There are 2 protein chains.
Amino acid sequence: MVTLRHLAEQLNVSVSTVSKALSNSEEISKDTIERVKALADELNYQPNRVALSLKNNETRTIGVIVPNILNRFFAKSLFGIEQAAAEMGYSIITCMSNELFDKECDSISLLSNGSVDGFIVAVSEETLVNKKSQHLQQLIDKKIPLVMFDRNLNDITCDKVVIDDYKTTFDLANMFINQGRECIAFMSTIDDLNVGILRSTGYEQAISAHGQQTPIKLSIKKGLDYQEQIKEFLQEYPKIDVIIAADNISGTTAVNVASSLNYKIPKNLSIIGFADEVVSNLSVPKLSYINQNAVNIGSSALRLIVEKLKNKHLEKPHLKIKIPVDIVHKGTT
Amino acid sequence: MVTLRHLAEQLNVSVSTVSKALSNSEEISKDTIERVKALADELNYQPNRVALSLKNNETRTIGVIVPNILNRFFAKSLFGIEQAAAEMGYSIITCMSNELFDKECDSISLLSNGSVDGFIVAVSEETLVNKKSQHLQQLIDKKIPLVMFDRNLNDITCDKVVIDDYKTTFDLANMFINQGRECIAFMSTIDDLNVGILRSTGYEQAISAHGQQTPIKLSIKKGLDYQEQIKEFLQEYPKIDVIIAADNISGTTAVNVASSLNYKIPKNLSIIGFADEVVSNLSVPKLSYINQNAVNIGSSALRLIVEKLKNKHLEKPHLKIKIPVDIVHKGTT
DNA sequence: GTGAAAGCGCTAACAA
DNA sequence: TTGTTAGCGCTTTCAC
């Protein structure tokens with residue numbers, strides 16, 4: 001690695017002269033600046049980032065902790081985070097909790113020793129279900145900036161980026177009611193998560209408020225065959241004419257299962273899920289979907305934390321940003 | 001942030017005493033060690049990682065550059081990398097090239113200034129197609145360890161982790177030939193990538209060697225509707241009784257399109273794709289698949305680079321690790 | 001216009 | 001047993 005000292009020695013000047021020359025200091029003669037820059041270019045000098053971090057007490061790196069990158073929503077969020085980070089000259093260190101509280105704690109403590117300037121976190125299922133928050137509270141106590149997204153804890157006071165899960169399914173159910181649909185069902189693989197509960201409640205309250213229908217819900221179990229569970233559900237409630245799927249897998253699966261059972265979609269059965277363009281294309285007909293704009297969620301979270309870092313002296317109030325969702329009608333509504 | 005100096009001042013000892021005490025040095029009295037550790041615990045002291053990095057000239061961080069994390073294969077690879085890294089006490093800084101050469105270069109130069117100890121890279125489509133390799137050659141010249149996986153360049157001499165793409169489709173085609181299938185087709189969305197070409201060639205040579213059939217290939221175009229393209233292909237070649245899909249989207253799509261056209265799967269039409277359990281479950285019947293063991297590829301790459309870092313003084317020959325694939329028969333074969 | 005020195009937080013050789 | 005010092009690579013204040 002080429003250092004300032006290498007340059008200084010070769011040019012017979014001092015390290016500080018080289019440093020100043022490279023930053024175009026007025027103190028240094030034009031001639032020296034040129035000589036220094038020429039050699040720096042030639043040797044492909046790059047200032048050591050670690051030394052700069054130590055000196056400036058900032059790493060320009062953000063720690064990102066997500067539960068599971070195989071979940072397309074988190075993959076997209078991470079994509080948004082990285083993209084925004086690259087634009088702003090930041091790097092991201094990514095850790096995956098695998099939905100485990102302990103791994104989440106380990107990751108946070110591994111990084112909260114100066115490795116990163118702040119954190120973006122979506123907590124694990126375990127953390128959420130057991131409402132554990134000490135590890136995040138510790139960050140706040142240490143005054144390390146924190147932004148939570150999607151999976152957030154009410155106990156923790158920090159900036160948050162979310163979608164309005166409740167309102168989304170509430171509106172959706174009402175939309176179908178207004179279309180004259182008579183048996184609107186709901187299915188979910190994420191019944192234990194706050195976002196899952198909010199989506200479920202939104203659906204339920206819309207149906208109940210209407211008064212003519214009762215909520216019909218399938219809570220899909222993780223270990224078992226999804227297709228079988230959906231098939232049995234459809235057979236148990238043959239009157240179902242709408243399915244609202246709360247996650248990004250069951251919607252597509254439902255379309256394909258229902259098709260194989262010769263349902264006419266969307267004539268006799270409408271299906272909508274939380275998904276995106278790519279997932280939508282995996283079913284015939286193509287799944288209509290709620291686009292959560294995960295990329296946007298991620299980039300908003302990143303910009304928010306960089307904002308906080310730049311104004312660390314100010315004690316700004318904490319924001320809760322709600323990213324709007326899009327309803328995209330394809331072949332199943 | 002609590003530093004050694006804080007501890008030292010509070011305890012009226014020197015910084016070096018504190019440092020030694022915390023590392024259980026024999027030089028320090030039991031009593032002092034206890035007092036130091038007690039205070040360190042109380043104040044939740046954590047050694048500053050940046051300072052350690054500067055001192056030791058190693059960051060215990062690996063730079064990971066992938067083309068596109070929304071591709072499930074890379075998401076899984078990244079998962080494997082992170083998991084192995086966490087086990088070995090390493091962090092990863094992730095950059096996404098979005099299949100662009102320039103972004104890839106930027107990421108590499110952003111990180112090759114001491115930010116990371118080494119790189120794990122799967123190059124972008126652009127890099128691959130244009131065979132650009134200067135940016136990677138620069139790493140090698142600087143003696144920064146590099147491991148490439150999946151998308152690798154022949155020009156670059158470094159450690160590599162891959163699967164045997166050619167042999168996989170070659171064997172697959174022969175399997176179907178031996179089953180008596182008479183019209184084996186191939187489809188791909190990745191015809192421009194080396195892995196795509198290898199898979200295509202494997203298929204083609206197996207078919208040609210057999211002599212009774214001619215290769216039938218569909219090169220799926222990115223901008224256009226996948227389902228339409230597959231539908232037209234099936235209608236153009238109604239005799240097709242096997243589809244080998246080279247990527248992780250077209251297999252599932254093909255099953256669902258063929259089902260909607262009333263093909264009897266797998267009786268009259270077998271389909272197999274490069275996919276995994278989760279993707280397989282998205283079609284009815286469930287897609288049979290080649291599991292590339294992406295997680296394993298990722299963790300192998302990580303372990304390989306850590307190995308290199310630990311033996312940086314040794315000039316070991318470069319390895320090319322071939323990760324075996326699994327064929328998983330589900331409902332479409 | 002240039003250089004010496006201090007300091008970011010840490011470790012380790014050396015001194016006391 | 002404890003402390004002093006130097007140094008990792010950099011910036012910046014202060015001398016010259």
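These figures come from a predicted structure and were not determined experimentally. Here is the naming used below: chain letters follow the sequence lines, and residue numbers restart at 1 for every chain.
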Original post:
Just by distance, do the side chain of B/Asn48 and the backbone of B/Val50 share a donor-acceptor pair under 3.5 Å?
Top reply: yes
Original post:
Can you tell me if A/Lys103 uses its side chain to pair, donor with acceptor, with the backbone of B/Ala86 under 3.5 Å?
Top reply: no
Subject >> Interface limits on DNA chain C, where chain A has a heavy atom under 4.0 Å of a nucleotide atom >> reply: C/dG1 to C/dG9
Original post:
Is the backbone N or O of B/Glu125 less than 3.5 Å from a side-chain atom of B/Glu99, with the two atoms forming a donor-acceptor pair by type?
Top reply: yes
Original post:
Hey, are A/Asp155 and A/Lys131 close enough for a salt bridge, meaning a charged N less than 4.0 Å from a carboxylate O?
Top reply: no
**OP:** Kindly state which residues belonging to residues 30-39 of chain B come within less than 4.0 angstrom of DNA chain C, counting heavy atoms of the residue only, listed by number.
**Re:** none
Original post:
Judged by atom type as modelled, is there a donor-acceptor pair below 3.5 Å linking the side chain of B/Asn113 to the main-chain atoms of B/Leu110?
Top reply: yes
**OP:** Find the distance A/Arg49:CZ to D/dC10:P and express it as a whole number of Å.
**Re:** 14 Å
Original post:
Does any N or O in the side chain of A/Arg151 come within less than 3.5 Å of the main-chain N or O of A/Val195, such that one atom is a donor and the other an acceptor?
Top reply: no
**OP:** Enumerate the residue pairs fulfilling ring pair (Phe, Tyr, Trp, His ring centres under 6.0 Å) with a member in residues 3-25 of chain A, sequence neighbours excluded, ordered by first and then second residue.
**Re:** none
**OP:** For DNA chain C, determine which residues of residues 50-61 of chain B have any heavy atom closer than 4.0 angstrom to one of its atoms, and list them numerically.
**Re:** B/Ala51, B/Leu52, B/Lys55
Original post:
So which heavy atom on A/Ser19 is nearest to which on A/Leu4, and how close?
Top reply: CB-CD1, 3.8 Å
Subject >> Nucleotide of D/dT2, D/dC10, D/dC14 approaching B/Ser29 most closely (side-chain heavy atoms) >> reply: D/dT2
Original post:
Is the side chain of A/Lys322 donor-acceptor paired with the backbone N or O of A/Val161 at a distance under 3.5 Å, no angle test?
Top reply: no
Original post:
Should we say atom NZ of A/Lys142 is surrounded by more than 12 heavy atoms from elsewhere, each under 6.0 Å from it?
Top reply: yes
Original post:
So A/Phe74 and A/Phe149, would you call those rings parallel, tilted or perpendicular, with 30° and 60° as cut-offs?
Top reply: perpendicular
**OP:** Assign each of A/Ser14 and B/Asn48 to its nearest nucleotide of DNA chain C by heavy atoms, then name whichever residue's nucleotide is nearer the 5' end.
**Re:** A/Ser14
Subject >> Distance in angstrom units between A/His6 NE2 and D/dC8 P, rounded >> reply: 10 Å
Subject >> Set of residues satisfying ring pair (Phe, Tyr, Trp, His ring centres under 6.0 Å) with respect to B/Phe101, sequence neighbours excluded >> reply: B/His135
Original post:
Say you draw a straight line from CD1 of A/Ile65 to CD1 of A/Ile108; how long is it, rounded to the nearest 0.5 Å?
Top reply: 4.5 Å
Original post:
Looking at residues 15-26 of chain A, who's got a heavy atom less than 4.0 Å off DNA chain D?
Top reply: A/Val15, A/Ser16, A/Ser19, A/Lys20
**OP:** Measure the distance from CZ on A/Arg5 to P on D/dT11 and round it to the nearest whole Å.
**Re:** 15 Å
